[in-house]
Protein chains: 2
Amino acid sequence: MPHGNGMGPRWWHRRFRGCGYRMTVPRQAILDVLSKTSRHLSAEDVFMAVHKVYHHVGLTTVYRTLELLVQMGLVSKFDFGDGRARYELLEGSKDSGHHHHLICTKCGRIIDYTDFIDEEIKLLKETEKGLSKKYKFKITNHLIQFYGLCDKCKDKR
Amino acid sequence: MPHGNGMGPRWWHRRFRGCGYRMTVPRQAILDVLSKTSRHLSAEDVFMAVHKVYHHVGLTTVYRTLELLVQMGLVSKFDFGDGRARYELLEGSKDSGHHHHLICTKCGRIIDYTDFIDEEIKLLKETEKGLSKKYKFKITNHLIQFYGLCDKCKDKR
DNA sequence: TTGGTAATGGAAACCATTATCAATAAGGAG
DNA sequence: CTCCTTATTGATAATGGTTTCCATTACCAA
Ligand SMILES: [Mn+2]
Ligand SMILES: [Mn+2]
Ligand SMILES: [Zn+2]
Ligand SMILES: [Zn+2]
């Protein structure tokens with residue numbers, strides 16, 4: 001499900017320059033790949049996709065760039081328990097684009113959902129307030145994942 | 001914070017035998033270590049603790065046993081993002097003992113909390129209901145972690 | 001166009017976890 | 001208690017995702 005939000009090469013370029021980074025061919029290519037999928041790609045997935053177009057881009061650069069993008073807040077990094085990190089371009093600036101995951105423990109399918117985010121955010125606020133008071137802990141982020149069986153795996157066997 | 005709930009060597013022995021497994025010295029030792037701490041130990045942590053008493057127990061066995069305990073439902077396995085799995089004995093049988101985590105992104109401190117579990121469970125139920133309907137997804141488990149700064153790290157710098 | 005330096009990529013290192021396999025020992029039968 | 005079956009163990013090697021190294025390349029401000 002390729003998206004066509006307002007972001008693109010020009011925007012990224014500005015963003016990079018604004019942070020004092022250079023916009024390079026590998027970085028551009030990696031962002032292109034990420035922006036053209038709604039799947040949760042591993043570093044190697046990204047590498048293979050980029051490699052089809054730019055044979056010279058190395059896996060090391062993919063790792064480095066993904067880490068940079070995460071650090072810049074453009075990309076989220078997840079661990080779904082399959083032994084490799086998975087990356088996903090954050091759409092929209094700031095908090096829009098934030099979502100949670102349903103993970104099928106049988107086939108590994110990942111489902112993004114945003115439907116109930118509002119209620120979860122409310123819970124988050126309350127929890128944050130309570131925990132801040134009790135543990136003097138300043139919450140800056142959260143991770144919520146549900147595990148179970150997807151429709152395809154639920155029935156058979 | 002060593003706990004003294006109703007479980008112990010005898011109980012574990014029955015549990016193992018009930019599953020058709022043998023109760024061995026390494027397994028006993030690993031359970032002892034896990035039951036005497038409230039920290040979230042890595043496999044190597046467990047190995048080192050066990051090694052002090054039983055020099056002959058190998059790291060491989062620690063990994064194998066921890067995996068077995070997870071699979072038996074006696075131990076939870078977590079990923080706090082530091083590149084190694086962390087294990088924790090589940091106290092109480094069944095769902096009691098279930099809790100969530102506050103993770104300090106600066107010093108790595110982990111705080112268990114159960115205070116707001118009830119509200120989260122309520123949210124979970126609602127979410128589960130909604131998601132089941134919309135995505136035909138059967139939720140069996142969930143992971144909720146809050147990231148931020150602990151009281152010690154919040155202030156300085 | 002050029003120079004300073006950030007960025008790159010191939011290879012090697014790293015490191016948590018897993019696979020191998022011969023030796024060991026738990027525990028049921030007798 | 002002893003024997004026997006076989007689950008379990010542990011030293012070692014292998015695996016595989018991620019990082020580190022470092023000489024080379026190429027952004028981009030001047
Ligand atoms: Mn997602
Ligand atoms: Mn815990
Ligand atoms: Zn599935
Ligand atoms: Zn801290």
Side-chain angles (χ1 to χ4, degrees), chain A residues 9-10 12-33 40-72 74-75 77-87 108, chain B residues 9-10 12-31 33 40-72 75 77-87 108:
Chain A
R10 193 58 51 81
W12 296 326
H13 197 292
R14 280 202 306 275
R15 190 79 158 66
F16 269 78
R17 301 273 56 226
C19 293
Y21 301 128
R22 297 175 181 173
M23 177 50 74
T24 65
V25 169
R27 286 172 179 177
Q28 186 66 251
I30 289 166
L31 279 164
D32 277 346
V33 166
H40 304 79
L41 304 179
S42 67
E44 180 132 20
D45 290 336
V46 174
F47 169 69
M48 289 188 298
V50 168
H51 190 265
K52 284 177 187 163
V53 185
Y54 301 98
H55 274 220
H56 64 90
V57 174
L59 180 57
T60 304
T61 296
V62 171
Y63 272 107
R64 261 190 310 239
T65 301
L66 288 172
E67 216 48 53
L68 183 67
L69 292 170
V70 168
Q71 185 239 302
M72 289 172 69
L74 294 178
V75 163
K77 180 180 184 179
F78 288 101
D79 168 32
F80 295 133
D82 65 343
R84 68 198 59 192
R86 304 229 161 231
Y87 302 85
Chain B
R10 194 57 53 81
W12 294 328
H13 196 293
R14 280 203 306 275
R15 190 79 158 65
F16 269 78
R17 301 273 55 227
C19 292
Y21 301 126
R22 296 175 182 174
M23 177 50 74
T24 66
V25 169
R27 286 172 178 176
Q28 186 66 250
I30 289 165
L31 279 163
V33 166
H40 303 79
L41 304 179
S42 67
E44 181 132 20
D45 290 335
V46 174
F47 169 70
M48 289 188 299
V50 168
H51 190 264
K52 285 176 186 164
V53 185
Y54 300 96
H55 276 221
H56 64 91
V57 174
L59 180 57
T60 304
T61 296
V62 171
Y63 272 106
R64 261 190 309 237
T65 301
L66 287 172
E67 216 48 54
L68 183 67
L69 292 171
V70 168
Q71 185 240 303
M72 288 171 71
V75 163
K77 181 179 182 179
F78 289 101
D79 167 31
F80 295 133
D82 65 343
R84 68 197 58 194
R86 305 228 159 231
Y87 302 85

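Chain A is the first sequence line, chain B the second, and so forth, proteins listed ahead of strands; every chain is numbered from 1.
- With hydrogens and angles ignored, the 3.5 Å screen pairs a side-chain donor or acceptor of A:Asp45 with a backbone N or O of A:Ser42.
- In summary, of the residues considered (A:Gln71, A:Arg14, A:Met72), a side chain to side chain contact (heavy atoms under 4.5 Å, CB included) with A:Cys19 occurs for A:Met72 alone.
- Backbone-only engagement by B:Arg84 is indicated by non-hydrogen atom pairs under 4.0 Å involving sugar-phosphate atoms exclusively.
- In this structure, CG of B:Leu31 is placed 15 Å from C1' of D:dT8, rounded to the nearest angstrom.
- No side-chain donor-acceptor contact under 3.5 Å links B:Arg27 to the backbone of B:Trp12.
- For B:Thr24 and A:Thr24, each mapped to the nucleotide of DNA chain C holding its nearest heavy atom, the one lying further toward the 5' end belongs to A:Thr24.
- Contacts between residues 50-69 of chain B and DNA chain D, counted as heavy-atom distances below 4.0 Å, involve B:His56, B:Val57, B:Gly58, B:Thr60, B:Thr61, B:Arg64.
- To the nearest 0.5 Å, atoms CG (B:Leu31) and NE2 (B:His13) are separated by 11.5 Å.
- Nucleotide D:dA29 holds its P atom 9 Å from the CZ atom of A:Arg22, rounded to whole Å.
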Which is it for A:Phe16 and A:Leu68 under the side-chain contact (heavy atoms from CB on, under 4.5 Å) test, yes or no, and what are the steps along the way? CA-CA 10 Å; A:Phe16 269 78; A:Leu68 183 67; 3.8 Å; yes
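- Using cut-offs of 30° and 60° for the angle between ring planes, the A:Phe80 and A:Phe78 rings count as parallel.
- Between A:Ile30 and the options A:Leu41, A:Val62, A:Thr24, a side chain to side chain contact (heavy atoms under 4.5 Å, CB included) holds for only A:Val62.
- Looking only at side-chain heavy atoms (C-beta outward), A:Tyr87 and A:Val46 stay at 4.5 Å or farther from each other.
- The distance from atom CE of A:Met23 to atom P of D:dA29 is 13 Å, rounded to the nearest whole Å.
- First and last contacting nucleotides of DNA chain C toward chain B (any atom under 4.0 angstrom from a heavy atom, 5' to 3' order): C:dA16 to C:dG28.
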